[in-house]
Amino acid sequence: MRGRADAFANICDGPRPLLQKNLFMSSLAVLHASQLVTLTGPRRPRIGPELSELGIIRDGGLLVRDGKIEKTGPSDEIERDVGDAEIVNANGRVVMPGFVDAHTHLVFAGNRLDDFERRARGETYQQIAKAGGGIWSTVEKTRAASDLDLLAQAKKHANWFLHCGTTTVEAKSGYGLTVEDELKILRVLRQLKKAMPLEIVPTFLGAHAVPRKLTPDQYLDVVINEMLPRVSAEKLAEFCDVFCEPGYFDIDQSRKILSVAKKLGLSLRGHVDQLTNSGGAKLMAELGATTADHLEQTDEQGIAALKKANVQPVLLPGSVYALGSSRYPRAREMIEAGLAVVLATDFNPGSSPTPSMPMVLSLACAQMKMSPAEAITASTINAAYSLNRGDRIGSLEPGKLANFAIFDCRDYRELAYWFGIPQTHSVYVRGERVAW
Ligand SMILES: [Zn+2]
């Protein structure tokens with residue numbers, strides 16, 4: 001066995017190749033993690049004090065066979081079982097499950113740089129929309145883009161996620177708003193899934209905004225009677241989402257869409273209570289949704305409703321930050337109420353242009369008073385359960401996929417502490433090195 005001092009001696013020697021890609025390699029042993037953050041625990045989303053239990057193994061290692069984790073433990077124990085496995089020396093770095101980002105809008109064309117600058121100058125959302133910005137500008141660019149162009153930009157985004165240590169993302173449609181354009185986005189997601197190692201969970205968000213020239217009720221008819229049957233028949237999405245907000249899709253309209261989606265076999269998520277406390281959390285509870293997302297305005301009644309119905313809250317501090325707001329969701333009250341909190345980026349060109357879960361960890365700790373351990377749990381195992389994948393990803397436990405990241409730090413808390421600096425050393429999906 002190598003001593004701790006030896007194992008940790010090269011912590012500062014920076015990123016360098018640990019492993020040459022070998023197509024015939026079927027086993028891999030990672031040794032000498034300063035902290036192997038396993039998140040071992042009950043086979044369900046973590047609540048209350050469980051959010052703080054990371055199952056850390058010091059000087060830890062893991063053994064991977066055929067893309068799955070066979071064993072975790074102290075490095076000396078793993079070393080005994082190495083056999084012919086390729087060895088990755090983590091050299092005293094942190095090794096943990098790849099982040100699971102449970103709320104992104106990964107596919108879109110262009111960016112919103114002009115909006116960003118206008119907002120920085122103090123212009124309002126209405127002024128920006130009047131000047132040709134806002135969501136509609138992204139819809140127009142996304143409609144005009146070819147499948148190939150959209151796929152090329154989506155690949156770029158997918159690489160950003162991988163380089164931030166994220167190995168699974170949920171990704172929504174919602175910038176098409178016609179039958180063909182919504183299907184185009186979901187098909188691009190399907191192609192992206194085949195082309196990239198990033199694991200992708202697709203969500204249909206046709207009800208993201210009401211297109212110009214249609215009333216909400218007219219568009220509701222298109223979503224329910226034209227889009228949803230096609231999405232379901234082509235099996236293009238696992239979840240259905242709605243932007244539930246007065247002026248977009250109100251409670252009744254959101255209920256109609258999500259009820260039909262549920263009958264078609266889709267699980268439910270929802271953008272709720274972001275701008276107003278309008279009963280969105282209660283609606284998600286009523287419908288038995290998997291998640292209720294945003295919740296910046298949700299009060300204690302909404303929190304109680306989510307708890308009663310076992311709905312997981314997905315909190316998105318990146319969008320609060322990027323919009324220059326200070327109204328973050330009430331994470332502490334949610335944790336104290338026993339909710340299985342999830343953190344995600346809300347990656348999108350308008351309100352949250354970041355693919356970085358470490359940035360989200362920083363915001364969760366600094367602005368929402370979550371502890372670094374709670375934030376890690378919320379962005380790995382709890383996020384995995386919110387995507388119906390808690391039995392396959394989100395923790396480093398035997399039988400799960402070997403999706404993990406090595407970070408250039410000794411203590412997991414550094415991920416939330418040092419912000420604005422990439423700490424990713426390398427990233428693995430199903431035991432294959434995919435980034436850095
Ligand atoms: Zn969103």
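Bear in mind the structure is a predicted one, so any value in this text is a computation, not a measurement. FYI, side chains are in, hydrogens and waters are out, and symmetry mates aren't considered; it's all heavy atoms of this structure. Every number for a ligand or one of its atoms is a count from 1 in the order of the listing.
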- Message: Could you measure the distance from the CD atom of Glu296 to the CG atom of Leu275? Nearest 0.5 Å is fine.
- Response: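 Here the interatomic distance stands at 8.0 Å.
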
- To the nearest 0.5 Å, how far apart are CD1 in Ile381 and CG in Leu54?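 Spacing of CD1 (Ile381) from CG (Leu54) equals 11.5 Å.
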
- Task: State whether the side chain of Ser325 and the backbone N or O of Val320 hold a donor-acceptor pair below 3.5 Å, judged by distance alone.
- Result: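 A pair under 3.5 Å: no.
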
- Message: Given 3.5 Å as the limit, does a donor-acceptor pair link the side chain of Gln423 with the main chain of Glu414, or not?
- Response: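 Yes.
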
- Task: Could you label the plane-to-plane angle of the His294 and His103 rings as parallel, tilted or perpendicular, counting under 30° as parallel and over 60° as perpendicular?
- Result: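 It falls in the perpendicular class, over 60°.
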
- Query: Can you say whether the rings of His208 and His271 are parallel (under 30°), tilted (30 to 60°) or perpendicular (over 60°)?
  - Reply: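 Because their plane-to-plane angle lies in the 30° to 60° range, the rings of His208 and His271 count as tilted.
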
- Task: Using 2.8 Å as the cut-off, count the protein N, O or S atoms closer than that to the Zn ion (ligand 1).
- Result: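 Atoms of protein N, O or S type lying less than 2.8 Å from the Zn ion (ligand 1) total 4.
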
